[in-house]
Amino acid sequence: MSRYDPATIEARWQKAWAEAGLFTAKRDPSKPKYYVLEMFPYPSGRLHIGHVRNYAMGDVIARYKIATGHAVLHPMGFDAFGMPAENAAMASGGHPKDWTYANIDTMVEQFKPLGLSLDWSRMFATCDPEYYGQQQALFLDMLEAGLIDRRPAVVNWDPVDMTVLANEQVIDGKGWRSGAEVEKRELTQWFFKITDMAEELLEALDGLDDWPAKVRLMQENWIGRSRGLEMTFPMTAPHAGIDGITVYTTRPDTLAGASFIGLSPGHPLTKALAEENADLAAFVDECKKMDTTEAALEKAEKKGFDTGLTVDNPLGGTLPIWVANFVLMDYGTGAIFACPAHDQRDLDFARKYNLPVIDTFFAESDDTPVETDAFVPPKTEKVRWVNQPAGLTEGTGEEAVEATIDWAEAQGIGQGKVQFRLRDWGLSRQRYWGCPIPIVHCEDCGVVPEKKDNLPIELPYDNGNEPIDFSIPGNPLDRHPTWRDVPCPACGKMAKRETDTMDTFVDSSWYYTRFTAPRADTPTDLDEVGYWMNVDQYIGGIEHAILHLLYSRFFARAMIKTGHLPESAAEPFDALFTQGMVTHAAFSIAGPHFDKEGQPTYSRTRYLYPEEVEKRSDGMYEKGTETRVVTHPPMKMSKSKNNVVDPLAIISQYGADTARWFVLSDSPPERDVEWTASGAEAANKHLARVWNLCDRIAAMDPDGNGQGDEDLLREMHKTIRDVTMGVESFGFNAAIARLYAFTGVLSKSKASHKVQREAVMTLAQLMAPMTPHLAEDVWHHQGGEGLCAAAPWPIADEAMLVEATVTLPIQINGKRRDEISVPKDMPKDEVEKLVLANEAVMRALDGGQPKKLIVVPGRIVNVVV
RNA sequence: GCCCAAGUGGCGGAAUGGUAGACGCAGCGGAUUCAAAAUCCGCCGGUGGUGACACCGUGCCGGUUCGAGUCCGGCCUUGGGUACCA
C-alpha cells in the first residue's frame, strides 16, 4: 500500500506532459480551435492565491477543451510596465527593469509547479522591446488613421516633488511622499479618440451574449448615451468677447425652473473673469486643489462664486451666473443651467446661496412645494406641468423633454443633441517605466512621427555611463540628454524626443492578439491572428469590467481600421467570465508614521502583515507593542494592504492539486472568496481518499463477481452529466461537490472489478481538469492508455440517466407535507387520485374538496384547501 | 455622490419560480486502538414535544403567485468601479 505523495507524482506528470508537447498550441484543420485566456498578471513579485484561483479556472477550461477535441491556445505573459517598478526603484535604489524581470523570473518559477496547461513558448512581457516596439508601430498607424490627437489636459501636480501624481498617489489632496498640497496643471497630451466610436461600442454590447449582463450594463452606463438640449443663453451684457453661455442639459423639461447658470472653474468666461477679479481667482485656485477623481468631486462640499453677471432667460427675466466647483469641464459644455426644484445638488446649492427655487410641475397627488428634497420629474410617468415653454400641461418627462427640444429649435436658441458620458482616453504618462511614445518635437517641423525603421524606440537603461537616479522625482527621460536630443526624422535638425510614455492600459489592450504570433515582425501576423482570434473564453477579475475591457474593445476596432486585425475580431472576446476576488482580513494603523530618522513620512494608513499582529484579551495589537490595530473586513488582496497569501506554502505542504482543488471548491467562481487556511487540509484528505480508492480497486480480483454494477454505472453517468454541465457553466464548486458525492458512492460500492475500474478511471478523467496530476496517476495505475490529459472526455449515456419512478413532494397550501413515489409517466388524473387518497391530504381536507389542485408532472403537487 | 453586484446554519456554500440547507469545514457521539494519530460510521438551522409532528426560518419592509432564496417596488449593509493602481 503506497501513500499519496504529491511531490513525486506532480513532478513526474509535468515532465510527461512537457515531453508529449501536449500544451504547445498547434493549428489543426481537423479540429475546432479554442483560445482560452486569463488576464495576464502584473509582475508584482510573487504569485498570490488570487492568481492561483484565476489560472486554475482557465486551466479547467483549457484541459476540458483539449479532452473534447479542440486545438487549444492557452498562453501566458506579463503586464510588465507600471508604477510599482518605479516606486520600488525609488525606495530601494534598483532599476525598474531589473526589478521587473527578476519578478517575472520568480513568478514563472512559481507558475511551473502549478501544472497549468500553458504554452510557455509564447510567453512575453509588455516591457520587452520586441513587444512595445510593435506597440509603437501601432501608435504610428493609428495616428495616421486619425484615431489619435493631442490637446491640453489636467494632471495632479506635486509642487514639492515637481512631478505628476497618479490619483492613487494623492491622499486627501496631498502628495503621498511630499505631503504637499496637490495642484492641477494643464499639459498637452495624447488622446485616443475613443469617443468617435462611442455609438458603435455601445451598440455592439447587445451582441455580447456570452458576457455577464452586469458587465454589459456597466459599460453601457459608462458610455452613457443621453439625448438632451444644447442651448445658448445670451449674456445680458457681453463680457471679454463672450456674448452667450452655451449649456447642455439632459433635462430640458425643467428649463422653466432654471434659477441660475453654473460655470465650471475651467470655463473660458471663468478664466477671463478670474484675471480681473482676485477673489474669483482665489476661488478658482481653491477648486484646483480638489482631487481630480469623479468620486471626490461629487462628494465634495458644493461651493460657488457669484460673478455678478447675468444671462437673459428666454422665458423672461435674467439668471445670475455663478462659478460652481461641481460643474465638470469634461462633460457637455462646461456650463449648466441649474434647476433647484428638480435636482438635489442644485437645491442644496440654492439653499446655501439663497437662490430661487421654482417648481415646473406638480405630481398628480402632491402639490406641496419643494422644501428640502428635490423632486426629479419621472421620465415615463405622466405628471401635470406648469410653465412648460412649449405649453405642455400634462405628459411624461420624456414627452416634456422632446417638446422642449422642439420648442428651442423652433425659437432658434438651441438644438437637440446626443451626448456621451464617455471621454477620450488620455494615454500620455509623465513616467519612465512605460512604452515611449514614438514622436519627435522639432522647432521647424512641429510634431513629427518617428520613422518605423527606427523602432523600437528603446528605453535607455542608464544615463550615458551613469546609472539613472530614480530617487529624483520626475521623469528621468526628461533629463536624459543623449536619449532625448535626437535629429528630427523629417528635416534632420536636432530636435527633442517626446519624453512621455504610454498608459499601461495600452499594453494590455492588444496583448491577446500578439499571443497568436508573439515573434512576428509586425504587430500581428494576419494569418495567425485570423486563425486563432477571437478569444473564445476570457477570464479575469470583475475590477476590469469597464476600463480594460472597454479599451480592448476600442483597440480591436482601431486595429481593424489600421489593417492589423480581420473585421471578424471587432469584438475580440467571444465569452467573458469575471471571477470574484480572493479577499483576506487586513490590519492597519492610522497615520502619521515616521521613517528611521524620525521624519514624518506617509500620512496615510499603514497596513500590517497578519503575522505582525497579535490578539490580546482587549483587542488586536501590533506584535510586541502597545499600538492598537484596526481589523478590516475581508478586502481585496493587494500588496499595498499587506494581506496577500502565498500559495507556495500550500503547494509545498500539500501539492498543487490540493491547492487547485481547494480554490475551485471553496466558493462559486464569480463570487469573492475569503481566504481561510482551514479548507486546504480537507481538500488534501479527499485527494488521498481517491488515491487509496484507486489502490484498493487495483488490488481487486479481476474476475470476481460483484453486486450493484448497474447502480454504480447509473451514478457514474449522472456524475458525468453533472460535472460536464458544471465545467461548461463555470459551476466548478458544484461540479466538485458532485465529485465528492460520487467518490463516496464508489468507495462503498460492492460492484465488480470491471465496473469499479471503469468508475475510478472516469472519476479520474472528471477530476483531471482540476487535479490533473492525481488524475494522471490514477489513470496510469489502472492501466489507462496514453495520458489521461489526452484521453477523450467521457460522455454520459442518456439511457442510463432515465429514472423509472419519481418522488413527488405533496404541498398543502404551499408547504411540503408528504411525498409519494409514482411511475415517471403516470397520467395527471391518476396522480390526482393518489394525492386525494393521501393520508396527510385527507386530514387537511377534513372531508371537503380542495379549492385547487396543481400537479406539475414530474416535479410537485400542491393542494389548496 | 453616481454606476454595478452580493447578503441563506457556527463557517464556505447548494437549490430551471416547485421538498431550503446538496457537498465540504467545524462540532458532537460511536467504532478501531494499550493509548493516540490516521481511518471508518452516525448526528448536526431554531423553538416546543418521549414521539408522530407542529410552528418559525434565506439582510429589512411591502407586493405578485397555487407556490418566492429565486420575480417586482422601497430600504439597510458589504464589496467592485469611478477615467493616472493594475
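All of these numbers come straight from a predicted model, not from anything done at the bench. Below, read A as the first sequence line, B as the second, and so on, with proteins coming before strands; counting in each chain starts at 1.
Rounded to whole Å, the distance from CD1 on A:Ile542 to P on B:rG80 is 12 Å. Here B:rC4 presents its P atom at 17 Å from CH2 of A:Trp211, a figure rounded to the nearest Å. Rounded to a whole Å, the CE atom of A:Met502 is 16 Å from the C1' atom of B:rC84. Rounded to an integer number of Å, the gap from A:Lys214 NZ to B:rG79 C1' is 11 Å. In this structure, OH of A:Tyr551 is placed 12 Å from C1' of B:rG81, rounded to the nearest angstrom. Protein atom CG of A:Asp161 is 21 Å distant from nucleotide atom P of B:rC84, rounded to whole Å. Between the C1' atom of B:rG80 and the CE atom of A:Met39 lies a distance of 13 Å, rounded to the nearest Å. Distance, A:Trp222 CH2 to B:rA5 P: 16 Å, rounded to whole Å.
Nucleic acid contact class of A:Val215 (heavy atoms, under 4.0 Å, all strands): none. Contact annotation for A:Gln189: base contact, defined as any heavy-atom pair under 4.0 Å involving a base atom. At the heavy-atom level, A:Ser665 lies nowhere under 4.0 Å from the strands shown. Among the atoms of the strands shown, base atoms are found under 4.0 Å from some heavy atom of A:Asn862. Residue A:Lys748 is in sugar-phosphate contact alone, with no base atom involved, counting any heavy-atom pair closer than 4.0 Å across all strands shown. Within the 4.0 angstrom heavy-atom criterion, only backbone atoms of the sugar-phosphate kind lie near A:Val864; the bases stay farther away. Here A:Pro41 lies out of heavy-atom contact (under 4.0 Å) with every strand.
The shortest heavy-atom contact between A:Pro473 and A:Asp161 is CB-O, 3.1 Å.
Of the candidate nucleotides B:rG18, B:rC84, B:rA86, B:rC84 has the atom nearest to the side chain of A:Gln430. Each of B:rU82, B:rC84, B:rA86 was ranked by its minimum atom distance to the side chain of A:Thr504; first place goes to B:rA86. In the set B:rC4, B:rA83, B:rA14, B:rA14 carries the atom at the smallest distance from any side-chain atom of A:Arg671. Checking B:rC85, B:rG12, B:rU82 against the side-chain heavy atoms of A:Ser667 singles out B:rG12 as nearest. Closest to the side chain of A:Glu298, from the set B:rA5, B:rG67, B:rG1, is B:rG1. Taking only side-chain atoms of A:Lys852, from C-beta outward, the nucleotide of B:rC85, B:rC66, B:rG1 with the closest atom is B:rC66. Comparing B:rC66, B:rA86, B:rA83 by their nearest atom to the side chain of A:Phe505 picks out B:rA86. Side chain of A:Glu543, nearest nucleotide from B:rC84, B:rA86, B:rA14: B:rA86. Across B:rU82, B:rC85, B:rC66, the shortest atom-to-atom separation from the side chain of A:Glu168 is found for B:rC85.
The same atom, C1', is picked in B:rC28 and in B:rG9; the two are 16 Å apart, to the nearest Å. Across the P atoms, B:rC76 and B:rA22 are found 34 Å apart, a figure rounded to whole Å. Taking atom C1' in both B:rC3 and B:rU8, the straight-line distance is 27 Å, to the nearest Å. Spacing of P atoms, B:rC2 relative to B:rG10, comes out at 35 Å, to the nearest Å. B:rU78 and B:rC40 have their P atoms separated by 42 Å, with the value rounded to a whole Å. Of the C1' atoms belonging to B:rG24 and B:rC44, the separation is 14 Å, rounded to the nearest Å. Using atom P as the reference point in both B:rA68 and B:rC55, the two lie 15 Å apart (nearest Å). The separation of B:rC11 from B:rA26, taken at their C1' atoms, amounts to 7 Å, rounded to a whole angstrom.
Remark: RNA chain B forms stems of 3 or more consecutive Watson-Crick or G-U wobble pairs, all pair distances under 3.5 Å, at B:1-7 with B:76-82, B:10-12 with B:23-25, B:27-31 with B:39-43, B:45-48 with B:53-56, B:59-63 with B:71-75.
Residues A:Tyr131 and A:Trp510 place their aromatic rings such that the two centres sit under 6.0 Å apart.
In textbook terms, a nucleotide whose glycosidic angle is within 90° of 0 is syn, while B:rG48, being further out, is anti.
A side-chain N or O of A:Thr292 and one of A:Asn167 form a donor-acceptor pair less than 3.5 Å apart. Side-chain contact check for A:Asp158 and A:Ser178: at least one donor-acceptor pair (N or O, by modelled atom type) lies under 3.5 Å.
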* salt bridge (Lys or Arg N to Asp or Glu O under 4.0 Å) evaluation trace for A:Glu186 with A:Arg151 -> CA-CA 10 Å; A:Glu186 250 186 18; A:Arg151 57 174 178 268; over 6 Å; no
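Residues meeting the ring-ring contact (aromatic ring centres under 6.0 Å, His included) test with A:Trp661, sequence neighbours left out: A:His686, A:Tyr740. Applying the ring-ring contact (aromatic ring centres under 6.0 Å, His included) criterion to A:His544, with sequence neighbours excluded, gives A:His548. Legend: residues meeting side chain to side chain donor-acceptor pair (under 3.5 Å) with A:Thr499, ordered by chain and number and at least two apart, are A:Asp478.
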Measure all distances between protein nitrogen or oxygen atoms and nitrogen or oxygen atoms of nucleotides 19-24 of chain B, and list the pairs falling under 3.5 Å.
| unit_1 | atom_1 | unit_2 | atom_2 | d |
| --- | --- | --- | --- | --- |
| B:rU19 | O2 | A:Arg816 | NE | 2.6 |

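In this structure, the separation between CZ on A:Phe40 and NE2 on A:His51 is 11.5 Å, given to the nearest 0.5 Å.
OP1 or OP2 of B:rC4 lies within a sub-4.0 Å distance of a side-chain N or O belonging to A:Asn221. Contact annotation: A:Arg429 side-chain N/O to B:rC84 OP1/OP2 distance is under 4.0 Å. Checking the phosphate oxygens (OP1, OP2) of B:rU82, no side-chain nitrogen or oxygen of A:Thr293 falls inside 4.0 Å.
No hydrogens or angles were tested; on distance alone, nothing pairs the side chain of A:Glu220 with the base of B:rC4 as donor and acceptor under 3.5 Å.
Checked against A:Trp425 for a side-chain contact (heavy atoms from CB on, under 4.5 Å), the options A:Leu550, A:Val506, A:Leu547 give a single hit: A:Val506.
Every pair passing salt bridge (charged side-chain N to carboxylate O under 4.0 Å, His left out) that includes a residue from residues 722-737 of chain A is listed here, sequence neighbours excluded: A:Asp722-A:Arg738.
In A:Lys288, the NZ atom is not crowded: 12 or fewer heavy atoms of neighbouring residues, nucleotides or ligands sit closer than 6.0 Å.
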